[in-house]
Each structure stands twice: as C-alpha cells, then as structure tokens.
Amino acid sequence: MECYHRAYSPMIAPIPLSEALALSSEAGWNQSPGDWQRIFRLCGEACYAIRAEGRVVTTTSAITYGDSLAWIGMVLTTASQRGKGHARTLMQQALADLRAAGVGCIKLDATDLGRPVYAKLGFIDERPVSRWLRKPDGGPLPPAPDNVLASGSIPFALDREAFGADRSALLTALAEEELYTAPNGYAMAREGRNARYFGPCVAQDDATARSLLQAFLARHGHEPALLDLCDEHTGATAIATEVGFQPIRRLMRMYLGDLAGIPLGSGAAIYNLAGFEFG
Ligand SMILES: CC(C)(COP(=O)(O)OP(=O)(O)OC[C@H]1O[C@@H](n2cnc3c(N)ncnc32)[C@H](O)[C@@H]1OP(=O)(O)O)[C@@H](O)C(=O)NCCC(=O)NCCS
C-alpha cells in the first residue's frame, strides 16, 4: 500500500484523474473530470490518496480559504477497501498538515457514512445541510429575469462577508464555467456527471436569489439540476421548492478547531453552497 499526496512528503505522485473519477463515480457522486481537475488545482499539495490493488482506493482533499479556514472534501474509500483505516489515515494526515500550516478551523459536510469517522477525530455537528434535485419535468420553467446577466465580475467582497473567509481562488476557478450576476448577488453553475450543479449563490435578498436561480433554469431547466443549501435558510428552501427542486439527501456540517472569528455559516446571504466538497 502506498500513501501519497501532492507535497509535504518525498513520496509525491500525482493522483491519476481517471482513478479519482472512478472512485467518485462508484459512490454515485456528481463530480465530472473538470471538477476533479479543479480540486487538484485548488487543493494542490493537500489532495491525498492511498493506492492499493493497483489503483487509487481512497482520497481526501483540503482546500484552504485564507489562513483561518480549511474545507475537507472528497473523503471516499472504494467499497472493497472500507473498514481498514484508509479514510482515518488520510484525514489524520490532512489535519496534521493543516494544523502545521496554522489553520484555525476545519469544516466539512458529512454523509451518514462519514459522520462517525469525523466524530472520532473530534469534529462537532454544526448544522444540517441538504442536496436538492430538480428533474427536467419539475414544472413549468420560469421566465428569464431581465435583471441577471450571464457574465460580469465576481463580487468578492460580498462573498467574503457572507462566507466569512476568502474563497476568491475557488470562485475564480468555478467562474470558468458559468457565472450569473445581478445588482445584489451572484451565482455560478457547472456541469456534473449526473446533473448540472447550481451554486454557489450569494444574494442580499430573496428576490435576487430567486432571479439568479430563474436565470439558470431558463438556460438549463430541461436538464436535471442539483443544488445544496443549509436547511435552516427558509428563504433558500422556499425558492428551491417554488421552482421544482426536492430534497434528496441530508448531510451534517461539522467543524473542528477554533471558531473564533469564523461565522457558523448562517450568513443569510449564502442561499446555495459551492458544493459539499467546498462549503
Ligand atoms: C466514509 C468512508 C470514507 C469511510 O472510509 P473507511 O476507509 O472505511 O473508514 P476507516 O476504515 O478509516 O474508518 C475510520 C474510523 O471510523 C469508523 N467507521 C467507519 N465507517 C463507519 C460506519 N459506517 N459506522 C461507524 N463507524 C465507522 C471506523 O470503525 C474507524 O474507527 P477507528 O478509527 O476507531 O478504527 C467510506 O465509508 C465511504 O467512502 N463511504 C461512501 C462515501 C462517503 O459517504 N464519504 C464520506 C463523505 S463526507
């Protein structure tokens, strides 16, 4: 068994894209090849894998937002290799590296299978988050709003205030696919393996968030679409319901470390997440 990641060790080897994609696809996850390439690029040295049986059997990624917050994602072990401590090994390596880098708070969105793994490492429940699906027959398509542009510049300051940390590198990378802007907010969208993904969506009011989602649906309403939200955000859940989305999976946001100065993520401006792997 070889444990390798992209830095912090002389045993560095790049993680083969096809093997990473096979792992997330086996779990039914939505990541496309482009998603994995973005993860490799954004996480750089903090993308970890274990190789066994001649292939990558476990992965974990960690993306750092500024110097205060890191987000763990892509914690996956192939079914035949579960229960051997692989996920724990990579999580422990990631946590050690993040602590050495001085990151004060680490968060993630946990599935039911992941939650006990993280709880054993000291992660604490923060709030439920969920994934919603809109099928192509999810009702009549809303008209395209005239206050949203499918272009523009990313309002980094608005996002920084809403999210509580600087995720400009992530936003710049995601905007390579689709960016929607309105006077009081923005949204992004990207291709997925199973469905197109809408998010993040950050807006100063419900009307703006609704317009951003309607602009996305005017373009992609004939395809299956996914979005993620914090369950307690009643504005976000109402808008998603109005336009035909339904909840399909519930996860638990968890955190580890010093939360001082880091909002819990309840910022009303975050209508939709960037993805469970990004926050
Ligand atoms: C979650 C997942 C990554 C765990 O991977 P794994 O390599 O089997 O986990 P490990 O063997 O390293 O287990 C780590 C610890 O968690 C415990 N654990 C793992 N899965 C568990 C489960 N379903 N229920 C209870 N405890 C569990 C293990 O007993 C182990 O405890 P220990 O440290 O005291 O020995 C794997 O089940 C998976 O890929 N699931 C599908 C994708 C997914 O949901 N990923 C999580 C995303 S948040």
Side-chain angles (χ1 to χ4, degrees), residues 38 42 62-73 103-109 126-132 145 147-190 197-216 226-243 245 251-255 257-279:
R38 243 187 317 264
L42 289 163
I63 180 166
T64 306
Y65 300 128
D67 52 11
S68 53
L69 177 66
W71 209 277
I72 299 272
V103 175
C105 182
I106 301 161
K107 291 194 183 193
L108 51 78
D109 289 333
E126 183 185 296
R127 67 193 64 235
V129 292
S130 54
R131 168 148 296 183
W132 295 52
N147 61 338
V148 175
L149 295 175
S151 60
S153 32
I154 306 165
F156 291 114
L158 171 70
D159 190 83
R160 168 88 179 71
E161 194 182 335
F163 186 71
D166 177 7
R167 52 177 185 171
S168 48
L170 170 68
L171 300 185
T172 302
L174 293 177
E176 287 166 7
E177 291 212 24
E178 283 177 50
L179 169 65
Y180 300 88
T181 57
N184 292 323
Y186 81 91
M188 293 179 181
R190 58 186 187 264
Y197 185 83
F198 177 80
C201 175
V202 175
Q204 285 170 325
D205 50 71
D206 284 4
T208 300
R210 184 180 291 104
S211 292
L212 289 162
L213 184 51
Q214 285 176 343
F216 164 78
L226 295 169
L227 58 76
D228 300 328
L229 50 78
C230 287
D231 292 7
E232 69 198 1
H233 197 314
T234 50
T237 55
I239 292 166
T241 306
E242 270 170 38
V243 296
F245 283 85
L251 286 80
M252 178 58 70
R253 179 156 295 182
M254 303 176 85
Y255 70 92
D258 176 15
L259 276 172
I262 307 280
L264 287 174
S266 64
I270 305 270
Y271 279 77
N272 299 110
L273 314 184
F276 296 137
E277 68 275 49
F278 296 130

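Each residue takes its place number in the sequence, starting with 1.
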Margin query: Can you give me the closest heavy-atom contact between Glu277 and Trp71, atom names plus distance?
Written below: O-CD1, 3.6 Å

Next item on the list: Calculate, to the nearest 0.5 Å, the distance between atoms CD and CZ belonging to Glu178 and Phe198 respectively.
Entry: 10.0 Å

Next item on the list: Find the distance between CG (Asp109) and CZ (Arg131) and round it off to the nearest 0.5 Å.
Entry: 9.5 Å

Check: Sub-3.5 Å donor-acceptor pair from the side chain of Trp132 to the main-chain atoms of Thr237, do we have one?
Finding: no

Next item on the list: With sequence neighbours excluded, tell me which residues meet side chain to side chain donor-acceptor pair (under 3.5 Å) with Arg160.
Entry: none

Next item on the list: State, with a plain yes or no, whether a side-chain heavy atom of Leu171 is found less than 4.5 Å away from one of Met188.
Entry: yes

Next item on the list: For side-chain contact (heavy atoms from CB on, under 4.5 Å), just list the numbers for Arg210 and Glu242, CA-CA rounded to whole Å, side-chain angles, deciding distance to a tenth of an Å, and then say yes or no.
Entry: CA-CA 9 Å; Arg210 184 180 291 104; Glu242 270 170 38; 2.8 Å; yes

Item checked: Heavy-atom closest pair, residues Val148 and Ala215 -> CG1-CB, 3.5 Å

Notebook entry, point to check: Measuring from Tyr197:OH to Leu227:CG, what's the distance to the nearest 0.5 Å?
Noted result: 7.0 Å

Item checked: Pairwise distance CZ(Arg190) to CG(Leu179) - rounded to 0.5 angstrom -> 13.5 Å

Notebook entry, point to check: Does Asn147 CG have over 12 foreign heavy atoms under 6.0 Å away?
Noted result: yes

Notebook entry, point to check: Where is the tightest heavy-atom contact between Gly275 and Asp228, given as atom of each residue plus distance?
Noted result: CA-OD2, 3.7 Å

Checklist line | Euclidean distance, Arg253 CZ relative to Asp231 CG, rounded to 0.5 Å | finding: 10.5 Å

Notebook entry, point to check: Does Arg38 pair with Glu177 as a salt bridge, N-O distance under 4.0 Å?
Noted result: yes

Next item on the list: Before giving the answer on side-chain contact (heavy atoms from CB on, under 4.5 Å), spell out for Val103 and Leu69 the whole-Å C-alpha distance, their side-chain angles and the decisive distance to 0.1 Å.
Entry: CA-CA 6 Å; Val103 175; Leu69 177 66; 5.6 Å; no

Item checked: Donor-acceptor contact below 3.5 Å, side chain Tyr271 vs main chain Asp206 -> yes

Checklist line | Which atom of Cys201 lies closest to which atom of Leu212, heavy atoms considered | finding: SG-CD1, 3.9 Å

Next item on the list: Could you check if a side-chain atom of Leu229 sits within less than 4.5 angstrom of a side-chain atom of Ser130, using non-hydrogen atoms only?
Entry: yes

Margin query: Donor-acceptor check, side chain of Thr208 to backbone of Gln204, threshold 3.5 angstrom: yes or no?
Written below: no

Item checked: Where Pro145 and Ser211 come nearest, the two heavy atoms and their spacing -> CG-O, 3.2 Å

Pair up each side-chain donor or acceptor in residues 150-158 with any protein partner under 3.5 Å, not counting sequence neighbours, and list the distances.
none

Notebook entry, point to check: Are Tyr186 and Asp159 close enough that some pair of their side-chain heavy atoms sits under 4.5 Å apart?
Noted result: yes

Notebook entry, point to check: In Å, rounded to the nearest 0.5 Å, how long is the span from CZ of Phe278 to CG of Leu174?
Noted result: 6.0 Å

Next item on the list: Return the orientation label for the Tyr65 and Phe163 ring planes: parallel under 30°, perpendicular over 60°, tilted otherwise.
Entry: perpendicular

